[in-house]
Amino acid sequence: MSGNATCALRIGAFELRPDRGVLLYGESSFHLEPKVCDVLCRLARHPGDLVTREVLLDDVWGRSYGADESLTRAVSILRKTFKSDAERLYIETVPKKGYRLVAPVAELTAADRVEEGVQGYHGHAAEHSVLPLTPPPGQGGRAPTSGTLTRPTTIDNRILIGLIALLVCLTIAFASILFWQRPAQAEAAEVEPDRTDDVVAVGEFAAVGREDSAGEASFIADQLSTRMASMLSVNGVRAVPFGSPVAPTYQVSGSVEANGNTLLATLGLAALDTGEVIWSTSVERDPESANELATEVGARFAGALGCALGFRDPGETFTPALLSRMLLICDGLRMSEGEALPEHARAVRQEDPNEARGLALSAILLSNYAVHMLKPESDEYETVKQEAQEMAAQAAEMSEKKSLASVAVAVTLPQEKLLKREKMLAWSSDAQGTARTYALWRRAGFYREVGRIADAINLYNSILLHDPNHPTASAELAWLHRTLGRNGAARRRLEETLRLDPDNMIALQRRFMLEVQFGNVDEALTLLERYHGGEKDDDRSMEVCIVPFLEIRRQIEAGIQDETFASQIQEGCAGLEDHFLARLWATIGFENEAMGLLRKIMANDPTSSKVVLYYPEFDTLRRRPEIWSLFQSAGLPEYWIESDTWPDFCRLEDLGYECRVMAQLAMQGDA
């Protein structure tokens, strides 16, 4: 165990026993491979401190071939094991640097180990001391000196009796430990059976195309070949090289095609027994942005596959048709593609033998479709929402607690039932696999609706720990940082999101608004052109509207104002959505115009549109007491008072009013 055999520790709610290769949690024990155990011991040596990947590779593998992928897999295994304790984060990733163990660490004392021999592995009655990570001065820092030991001429009888008693106790304890070791080892061996239904073989990726651009295609293909296994491991998928003695069920293969003007990377998943292609995805980029192509297409493929396999029940194997459908759903949810959701919902109910899961997933998809694709005043909106609620209720009757059905019930609850929705979302976060990830996603969205922006940021960070390249989560996280005034963090996050996914529409729109708000005309227009796919609309409505706004921004900074531009805004922006236009008005200080549009938005859809109240452009408006009438129309003051949780802006010292007082006045109709 690389010198870690004596690293017996309590880590959060777990106990690590490297000598037996097990991690204990309550009545459960999890078998750990030796290298995985060594990684955990190395992180526990300095809890809370960053341990770089280079240090871990050197200390555990000695920089042997394939160590980088093995480290990623080891951390992924530890994270999956620590998920048994949903109350605490254990391992934090520091992007591009390394990891830190953020759970409390304590050393198991000698008394613990003796007590264990009597009570068994799960009788943790003894107290634990803080782990001495480095030896105190003058203790343990050097080896004992050599020399001739002289025997004392006399020994006190009490000391002799104590030594004999201690020897007897240690002998009994050692025998007890050996006795209890066998059943624990057997239990650990049964925890993680050698499953092969989710093993994916990774082969070489081909480079094709014209000779003049073959070098770039070959470089990207090599990147995919070397990094795909680690990308899959990060997303909880067991990956092995093609030809490995472990018998896989699926194979991932693909190609990178270059024709001089574009580079097209395509990845496909095939069933090894039939050769049937279950799913494929592709990303096309111009040669100038080709450096991140391997990361982008690899992350999209690995994220979708990890999500799809996360829908399975323990021991279940999906049919190729059902796995294909789950992959389409997961990819659509990651990329915010809502148009096909009703079709997927119908297909899942037909193809999934688990009727409860099919109903629950269909309810979630239809609810998404209604919220994001339909207008609340339409008849179809009410029909689809009602259908989703009925399916969620049926799934809940057929399912155990903390399943996908509980997520479906939480998602389909009426928007105005805030306290009940929060309770259901908190409960459904105890689900497993993809159900838990999606529950965290919806819970983050709920916190954003009620103004608890910092709580939403924490949940989005949790999602990104599992799926570091999730495009929608990354873009939303950036805008939440902006909402709290963390402009630098918002810009860095948006830049990183667009670097990995240049066509991310959410990130482009957020970055565009950021540049408008700061008056960066040229950058904003460049982003606007990218938002339209490199082409401007025929009527150029967005540019006709935005340019006057940017000019007014310049004038404000210069201390002048020309009413000509204001009239141009009225004419050129008539076709914009109300929330977008309100944000632009607020950006240049036209607060009354912005407030008028906010009243119109909330009058049309007070529950689903409440999130617009927390857009960062409206920071000044939230200091005006009259905005509480809008909060009341969305049912927010009742939630804040009953739950005694308040939006983040209520903590501002210069707010000018006390939130609890204003909430009570709003509920009385006096705001």
Side-chain angles (χ1 to χ4, degrees), residues 79-80 82-90 235-236 303-304 306-314 326 329-330 332-334 336 338 341 344-345 348 354 356-372 388-389 391-396 398-415 417-450 452-467 470 472-474 476-477 480 611 643 645:
R79 281 213 179 96
K80 289 174 67 176
F82 284 136
K83 280 183 179 179
S84 300
D85 178 14
E87 299 298 321
R88 178 184 285 120
L89 175 66
Y90 280 79
N235 287 274
C307 165
L309 294 175
F311 278 118
R312 296 176 313 156
D313 294 326
M326 294 296 190
I329 289 170
C330 286
L333 290 173
R334 280 174 55 87
S336 297
L341 291 179
H344 293 328
V348 165
N354 184 335
R357 180 175 58 201
L359 283 167
L361 188 54
S362 298
I364 290 171
L365 296 176
L366 286 177
S367 178
N368 271 11
Y369 175 72
V371 171
H372 298 293
Q389 290 173 12
M391 286 190 294
Q394 293 177 43
M398 304 166 62
S399 303
E400 296 180 358
K401 296 179 179 179
K402 299 180 182 179
S403 66
L404 190 65
S406 63
V407 183
V409 172
V411 167
T412 56
L413 280 172
Q415 292 283 325
K417 295 186 177 181
L418 293 173
L419 276 173
K420 188 173 182 180
R421 283 177 59 210
E422 180 182 21
K423 181 179 179 181
M424 288 297 300
L425 285 168
W427 183 37
S428 59
S429 295
D430 290 335
Q432 299 297 317
T434 299
R436 180 179 183 275
T437 301
Y438 189 72
L440 291 175
W441 174 269
R442 294 307 294 256
R443 193 176 177 187
F446 172 83
Y447 285 149
R448 186 182 173 207
E449 284 182 36
V450 299
R452 295 168 59 179
I453 306 302
D455 290 331
I457 286 175
N458 291 335
L459 286 177
Y460 278 124
N461 278 323
S462 297
I463 294 168
L464 289 169
L465 280 174
H466 174 72
D467 188 356
H470 196 296
T472 315
S474 184
E476 294 292 355
L477 179 60
L480 292 178
V611 70
S643 65
T645 54

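Worth saying up front: this structure is predicted, and the values here are computed from it rather than measured.
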Handout entry: Minimum side-chain heavy-atom gap Ser462-Leu89 below 4.5 Å
Key = no
Handout entry: Side-chain donor or acceptor of Thr412 paired with backbone N/O of Gln389 under 3.5 Å
Key = no
Handout entry: Flag if over 12 foreign heavy atoms under 6.0 Å of NZ, Lys417
Key = no
Practice task
For the pair Trp441 and Tyr460, name the ring-plane relationship: parallel under 30°, tilted 30 to 60°, perpendicular over 60°.
Solution key: perpendicular
Exercise for the section: Evaluate the side-chain proximity of Leu361 to Ile329: yes if any heavy-atom separation is below 4.5 Å, no if none is. Expected result: yes
Exercise for the section: Supply the atom-to-atom distance Leu418 CG to Lys420 NZ, rounded to the nearest 0.5 angstrom. Expected result: 13.0 Å
Practice task
Could you tell me whether Glu422 and Arg443 have a side-chain N and a carboxylate O separated by less than 4.0 Å?
Solution key: no
Completion exercise
Between the CG atom in Asn461 and the CG atom in Leu480, the distance rounded to the nearest 0.5 Å is 10.0 Å
Handout entry: Any side-chain heavy-atom pair of His470 and Thr472 under 4.5 Å
Key = yes
Practice task
Considering non-hydrogen atoms only, spot the tightest contact between Ala360 and Ala395 and give its length.
Solution key: N-CB, 3.7 Å
Exercise for the section: State whether a side-chain donor-acceptor pair under 3.5 Å links Tyr447 with Asn458. Expected result: no
Practice task
Measure the CD1-OH distance between Ile463 and Tyr438 for me, rounded to the nearest 0.5 Å.
Solution key: 10.5 Å
Practice task
Taking Ser428 for its side chain and Met424 for its backbone only, find out whether a donor-acceptor pair lies under 3.5 Å.
Solution key: yes
Exercise for the section: Kindly indicate whether the side chain of Thr645, heavy atoms from C-beta on, has any atom under 4.5 Å from the side chain of Asp455. Expected result: no
Fill in the blank from the handout: Taking every heavy atom of Ala473 against every heavy atom of Leu464, the minimum-distance pair comes out as CB-CD2, 4.0 Å
Exercise for the section: Could you tell me whether the side chain of Arg448 reaches within less than 4.5 Å of the side chain of Glu476, counting heavy atoms only? Expected result: yes
Fill in the blank from the handout: Those residues at least two apart in sequence (or on a different chain) that pass side chain to side chain donor-acceptor pair (under 3.5 Å) with Asn354 are Asp313
Practice task
Take Glu449 and Arg442, measure what salt bridge (charged side-chain N to carboxylate O under 4.0 Å, His left out) needs, and give me the verdict at the end.
Solution key: CA-CA 10 Å; Glu449 284 182 36; Arg442 294 307 294 256; over 6 Å; no
Handout entry: Spacing of CE belonging to Met398 relative to CG belonging to Leu359, to within rounding of 0.5 Å
Key = 6.0 Å
Problem - Any Thr434 side-chain heavy atom under 4.5 Å of Leu309 side chain - result: no
Exercise for the section: Could you tell me whether the side chain of Val348 reaches within less than 4.5 Å of the side chain of Arg357, counting heavy atoms only? Expected result: no
Exercise for the section: Walk me through it: do Thr437 and Cys307 pass the test side chain to side chain contact (heavy atoms under 4.5 Å, CB included)? Expected result: CA-CA 9 Å; Thr437 301; Cys307 165; over 6 Å; no
Problem - side chain to side chain contact (heavy atoms under 4.5 Å, CB included) evaluation trace for Asp85 with Tyr90 - result: CA-CA 9 Å; Asp85 178 14; Tyr90 280 79; 2.6 Å; yes
Fill in the blank from the handout: Here the gap from Ser399 atom OG to Gln394 atom CD, rounded to the nearest 0.5 Å, amounts to 11.0 Å
Practice task
Tell me, please, which residues at least two apart from Arg436 pass side chain to side chain donor-acceptor pair (under 3.5 Å).
Solution key: none
Problem - Distance-minimising heavy-atom pair for Ala363 and Ala388 - result: CB-O, 3.3 Å
Exercise for the section: For the pair Val407 and Leu425, evaluate side chain to side chain contact (heavy atoms under 4.5 Å, CB included) and give the outcome as yes or no after the intermediate values. Expected result: CA-CA 7 Å; Val407 183; Leu425 285 168; 5.8 Å; no
